[in-house]
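As the structure lists them, so they are numbered: ligands from 1, and atoms in each ligand from 1.
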Amino acid sequence: MKKIISVCRGDGVGPEVVNEGVKILEIISDYTEFDFEFKEAPAGGEVWKKFGNNLPEQSFETIRNSDALLFGALGLPDLPLGVAESAIMKIRQGLDLYVNLRPIKLYDILREKCPLKDEFIGSGIDITFVRENTEGLYKNIGSIDEDSAQNLMLYTRKGCERIIKYAFEFAKKKGHSKVTSVDKANLLKPSQLWRKIFHEIGENYPKIQKEDIYVDAYCQWLIRAPYKFQTVVTGNMFGDIISDEGAFLIGSLGMASSGNINPRNVSMYEPIHGSAPDIAGKGIANPIGTILSVKLMLQESFNSLEIGNEVDKAVEEALKEGRTVDIKSEKLKTLSTEEMGDLIAEQLKNRLKK
Ligand code: NAI
Ligand code: MG
């Protein structure tokens with residue numbers, strides 16, 4: 001199965017971690033029915049310095065004509081904030097990537113790296129946030145003057161329906177027994193429409209339990225009893241906040257993966273961290289967030305739950321042997337970005353050979 005993967009390495013640690021993601025894709029290409037071809041699509045700060053444009057037309061064309069995009073991170077400390085980063089919004093909007101999928105899973109072997117006490121971790125953390133990625137406050141319709149400022153929190157029926165439907169389908173595919181909706185329907189009108197649509201759509205999934213939680217309460221439930229949640233669907237603003245809170249629970253920012261998805265379009269897969277200028281060039285960044293983004297690509301864009309799960313198991317096995325410095329363990333070897341990637345690649349190769 002031939003697939004073209006566009007690759008945007010980006011700035012800072014971006015190219016370092018993307019190298020390891022590509023390594024994993026190459027193994028999959030070698031050992032399964034997939035046949036991947038990679039096409040570079042440069043964007044970000046370094047590109048802006050060369051061409052005065054953070055997303056050259058050529059790059060966007062390459063992305064648009066590919067089957068999926070693997071993305072590093074953008075941003076350089078010597079450029080004003082946004083100069084590099086705005087390319088991300090151009091891609092998200094240009095491709096109408098309305099799903100922001102952000103899974104957080106705490107591997108058992110990393111329980112000691114979780115900031116929560118063991119009793120709160122309970123049976124474990126394995127949550128997927130499904131965040132609406134195009135509407136709400138982030139549409140940035142508003143105004144500002146000296147005395148007041150406003151933003152319109154616009155939710156449309158179409159926007160709510162498509163994200164909520166995606167969440168239920170995702171839960172069904174994963175065998176989840178519950179979908180939790182996070183809103184602020186006790187106060188905000190957009191949330192009232194959201195909640196109505198959540199239950200309308202939920203009726204089509206009789207086997208899945210529906211749960212509503214207000215966002216402020218959810219913030220405490222997420223650290224008090226994270227084991228209660230499976231698929232969590234929410235709007236743009238609330239999703240931004242709770243998914244970052246969640247990302248901290250799995251041991252390191254470097255472990256968290258994400259997808260910016262439109263099921264009918266090219267989707268973009270990226271670690272949630274930024275270009276990490278404080279560690280860039282040192283070869284110590286954790287590549288697992290990127291490698292787990294490859295897992296998402298396999299599962300969401302290429303419909304291969306199975307190979308995605310193999311990637312996940314390869315990561316879990318590798319974590320028993322060595323770690324990058326952000327999740328280091330006294331008992332194990334401390335590895336560079338490349339060595340961590342090699343270890344996971346080796347594990348994956350052995351699993352796929354069978
Ligand atoms: P950051 O995520 O780059 O770094 C925050 C902290 O986490 C740093 O201490 C960093 O060393 C650490 N860290 C990040 N990734 C890591 C990894 N893979 N392994 C180990 N440690 C890791 O966030 P920060 O410092 O706020 O932003 C730096 C630049 O990145 C800024 O220009 C920002 O705008 C941009 N950014 C870009 C994003 C994107 O491209 N999607 C997302 C977030 C930030
Ligand atoms: Mg954020």
Side-chain angles (χ1 to χ4, degrees), residues 7-21 23-24 41-49 54-55 59 63 69-93 95 97 100-102 104 110 113 115 131 133 138 236 239-241 243-261 267-294 296 315 318-319 322-329 334-341 343-344:
V7 180
C8 175
R9 296 169 191 271
D11 303 317
V13 298
E16 300 170 37
V17 293
V18 167
N19 263 340
E20 305 314 309
K23 196 180 276 174
I24 295 302
E46 300 292 357
V47 174
W48 185 86
K49 283 182 182 175
N54 61 16
L55 182 66
S59 291
I63 294 168
L69 166 64
L70 181 64
F71 194 87
L74 309 184
L76 287 176
D78 60 343
L79 290 178
L81 201 67
V83 167
E85 293 90 336
S86 65
I88 302 168
M89 290 313 279
K90 290 188 204 164
I91 296 171
R92 283 185 191 158
Q93 278 161 12
L95 300 173
L97 303 177
N100 188 200
L101 196 67
R102 292 177 56 157
I104 57 158
L110 289 184
K113 298 289 169 190
R131 167 193 173 195
N133 213 20
Y138 290 57
N236 208 336
D240 194 8
I241 298 169
S243 62
D244 264 26
E245 184 190 350
F248 191 61
L249 301 179
I250 61 173
S252 165
L253 195 58
M255 298 281 302
S257 59
S258 77
N260 293 276
I261 297 171
S267 298
M268 167 189 183
Y269 297 88
E270 55 169 344
I272 74 158
H273 63 77
S275 55
D278 55 337
I279 58 166
K282 295 187 181 155
I284 59 169
N286 188 337
I288 293 178
T290 308
I291 290 171
L292 292 177
S293 302
V294 166
L296 282 182
V315 169
L319 285 170
R323 313 263 183 88
T324 45
V325 65
D326 55 317
I327 48 169
K328 73 169 183 230
S329 156
T334 299
L335 305 178
S336 68
T337 307
E338 192 181 347
E339 289 166 336
M340 190 75 233
L343 195 56
I344 297 168

Original post:
Distance-only, no hydrogens or angles: does the Asn260 side chain make a donor-acceptor pair with backbone N or O of Leu97 under 3.5 Å?
Top reply: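 Checked: no pair found.
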Subject >> Distance, nearest 0.5 Å, that separates OH of Tyr138 from CD of Gln93 >> reply: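 Tyr138 OH to Gln93 CD: 13.0 Å, rounded to 0.5 Å.
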Subject >> CD1 on Ile291 to CE on Met255, rounded to 0.5 Å >> reply: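 Spacing of CE (Met255) from CD1 (Ile291) equals 10.0 Å.
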Original post:
So, are Arg102 and Asp244 salt-bridged, with charged N and O less than 4.0 Å apart?
Top reply: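 Yes, Arg102 and Asp244 are salt-bridged.
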Original post:
Under 4.0 Å between a Lys/Arg side-chain N and an Asp/Glu carboxylate O for Asp78 and Lys49?
Top reply: yes
Subject >> Residues in the immediate environment of ligand 1 (any heavy atom closer than 4.0 angstrom) >> reply: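 For ligand 1, the residues that come within the 4.0 Å heavy-atom cutoff are Ala73, Leu74, Gly75, Leu81, Glu85, Ile88, Leu253, Gly254, Glu270, Ile272, His273, Gly274, Ser275, Ala276, Pro277, Asp278, Ile279, Ala285, Asn286, Asp326.
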Subject >> Lys90 atom NZ, over 12 foreign heavy atoms within 6.0 Å >> reply: yes
